[in-house]
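Notes follow the structure.
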Amino acid sequence: MRLRYGGSASTWCFVLHLAGADTYEDIILPTGSFAGTPGEALDRACGLSPTAPASGHGSATVDFDHDDRSTPVTDAMSFLLERLHAAGLTDVVTAEPATGGLAATAGLARRGDGTPVFVKAFGEPPSDDAFAAEAEGLTVLREAGGVATPEIILADRDLLVLSVLQPRPGTEAFWEQFAHALAHLHTTTRHPRFGWHRDNWLGRRRQVNTWDDDGFEFFAQHRLLRWLGERRVQEALDAADRAALERLCDRLPELLPVSPACLTHGDLWAQNVMAAPDGRPALIDPAVSYTWAEVDLAHLWTTAPPPEAHVFFGLYAELTGLDRDWRERMPILQLRQHLAVIAQFDPDWGAADLVRATLAPFRQRP
């Protein structure tokens, strides 16, 4: 067990060494996040159960769609078994909950023939189509973009059952392979419009995907300004902050280059990058749409990817022809994710401070 630097002196991750695979896996902190203060990481180290699952898809997985309506851990096993049996998977004999589930209870179940499956179940789904939209996203990433994703075994209103993936290896070669996979996704799925044929979900909040011909308007309205109506965002950002965001949106054509829409994962932080059984990079938990490729890049860049991922960014930039200024654009593009975190989590792990820092040049001076 060790602490891993999370990108700043106040942000750390707690990782568990997997001896069999000679790699490390990030573990959920008491707050439900993979990153937090040194104290939160040490609290997790002191309280880690030696029997907690430590490998496989979902062994230490936290979904973005979380709030305080989770099924208690002590009841999670029976809850998952009940949901699985009710859905017709009566051959499931065991279910071991994953740590960190808050709204969607997650775990690793085992069928009668020994086959493991990864399962997520809602107690109170945010919508009847939340899991269907997630399953559709996994399918289109695989079929249209050529990216490995888990096999969908079942998706209904209350339950999502997937094949089991593996923890990603802690090697540069893996991230080089992922750079090729993501570049292929982004360069082969270009679309004339921005959006998606349906709304889907970023956590427990609806991701509005209304079609638009203008990428700047789409990003401003449906990825940034849409969060200003959320109660926690209104509490975290004052009127000057909100006005600064509106001014930034007005200036997006000056701040960002004109780029085509392409198929994007939509929630691409490092914890949603895993490994398929054959070792290829695989993705989970999408919120897909056709939008700027750099939205995916920004999420990876700004969420403390592991040290071995440093090779990914230069190679991806080379493969996709990014200009030299792409790093300077990342804070603006990542505003969407920070606002989504503020809207859904309390505390917000510093997201509001990051938003204010990005908006500082757009505040009106007295």
Side-chain angles (χ1 to χ4, degrees), residues 64 133 136-137 140-141 144-145 147 182-203 205-230 233 242-269 272 283 286-303 313 316-341 343 354-355 358-359 361-362:
F64 202 138
E136 179 189 56
V140 73
L141 288 170
V147 178
L182 192 65
H184 177 80
L185 169 69
H186 289 162
T187 57
T188 63
T189 60
R190 289 182 178 174
H191 195 276
R193 307 187 74 194
F194 293 80
W196 190 242
H197 72 95
R198 68 192 289 179
D199 290 349
N200 45 29
W201 296 84
L202 186 67
R205 297 300 189 275
R206 183 176 294 277
Q207 176 169 273
V208 178
N209 292 319
T210 304
W211 290 110
D212 201 307
D213 295 327
D214 186 329
F216 299 112
E217 183 70 12
F218 177 81
F219 190 72
Q221 295 299 325
H222 302 314
R223 296 298 181 262
L224 297 182
L225 298 177
R226 68 77 79 226
W227 296 106
L228 292 184
E230 296 282 344
V233 174
R242 296 192 290 272
L245 181 62
E246 292 171 351
R247 281 190 287 273
L248 179 148
C249 287
D250 290 339
R251 293 183 55 191
L252 283 176
E254 306 169 31
L255 302 168
L256 303 175
V258 175
S259 300
C262 67
L263 183 62
T264 57
H265 177 279
D267 194 10
L268 193 58
W269 66 315
N272 284 342
L283 299 180
V288 299
S289 67
Y290 287 109
T291 188
W292 296 321
E294 290 186 24
V295 171
D296 277 349
L297 185 66
H299 205 171
L300 272 177
W301 176 255
T302 58
T303 51
F313 297 99
Y316 175 89
E318 177 184 341
L319 292 169
T320 58
L322 283 181
D323 59 53
R324 296 179 180 179
D325 298 329
W326 67 267
R327 294 173 183 83
E328 282 67 45
R329 298 192 289 270
M330 297 295 98
I332 291 175
L333 291 163
Q334 188 62 359
L335 279 171
R336 170 259 197 168
Q337 203 70 15
H338 293 324
L339 290 165
V341 169
L354 292 169
V355 169
T358 302
L359 294 179
F362 304 92

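Count residues from 1 along the sequence.
By the 4.5 Å heavy-atom criterion applied to side chains, W269 and Q337 are not counted as neighbours. In this structure, N272 and L283 have side chains that are not in contact, with every pair of non-hydrogen atoms separated by 4.5 Å or more. A 4.5 Å side-chain heavy-atom check between P361 and R251 finds every atom pair outside the cut-off. Taking 4.5 Å as the limit, every side-chain heavy atom of F216 sits out of range of all side-chain heavy atoms of F194. W227 has its side chain within reach of R205: a pair of non-hydrogen atoms, C-beta onward, lies under 4.5 Å apart. With contacts defined as side-chain heavy-atom distances shorter than 4.5 Å, the pair L182/L268 qualifies. W292 places none of its side-chain heavy atoms less than 4.5 Å from the side chain of R329.
Checking E217, R193, Q221 one by one against D212, the side-chain contact (heavy atoms from CB on, under 4.5 Å) holds for a single residue, E217.
One distance of note links CG of L256 with CZ of F219; it measures 7.0 Å at 0.5 Å rounding. Taken to the nearest 0.5 Å, the CZ atom of R242 stands 12.0 Å off from the CG atom of L225. Taken to the nearest 0.5 Å, the NE2 atom of H338 stands 9.0 Å off from the OG1 atom of T303. How far CG of N209 is from OG of S289: 5.0 Å, rounded to the nearest 0.5 Å. The line from NE2 of H299 to NE2 of H265 is 9.5 Å long, rounded to the nearest 0.5 Å. L354 CG to T302 OG1: the interatomic distance, rounded to the nearest 0.5 Å, is 8.5 Å.
Closest heavy-atom contact between L297 and M330: C-SD, 4.0 Å. A298 approaches L333 most closely through the heavy-atom pair CB-CB, 3.8 Å. Here the closest non-hydrogen pair linking T264 and A293 is CG2-CA, 4.2 Å. In this structure, L248 and F362 approach most closely via the heavy-atom pair CD1-CE1, 3.5 Å. L245 and L228 make their closest contact through CD2-CD2, 3.7 Å (heavy atoms, listed as atom of the first residue, atom of the second, distance). Pairing each heavy atom of A220 with each of L252, the nearest pair is CB-CD1, 3.9 Å.
For the residue pair T291/R336, the side-chain donor-acceptor check at 3.5 Å is not satisfied. Remark: the D296 side chain and the H186 side chain contain an N/O donor-acceptor pair separated by less than 3.5 Å.
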Test side-chain contact (heavy atoms from CB on, under 4.5 Å) on R226 and L339; report intermediate values, then the result. CA-CA 9 Å; R226 68 77 79 226; L339 290 165; over 6 Å; no
Before giving the answer on side-chain contact (heavy atoms from CB on, under 4.5 Å), spell out for Q207 and W201 the whole-Å C-alpha distance, their side-chain angles and the decisive distance to 0.1 Å. CA-CA 5 Å; Q207 176 169 273; W201 296 84; over 6 Å; no
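Between F313 and W326, the angle of the ring planes stays under 30°, which puts this pair in the parallel group of the 30/60° scheme. A parallel orientation is assigned to the rings of H191 and W211, their planes being inclined by less than 30° (bins at 30° and 60°).
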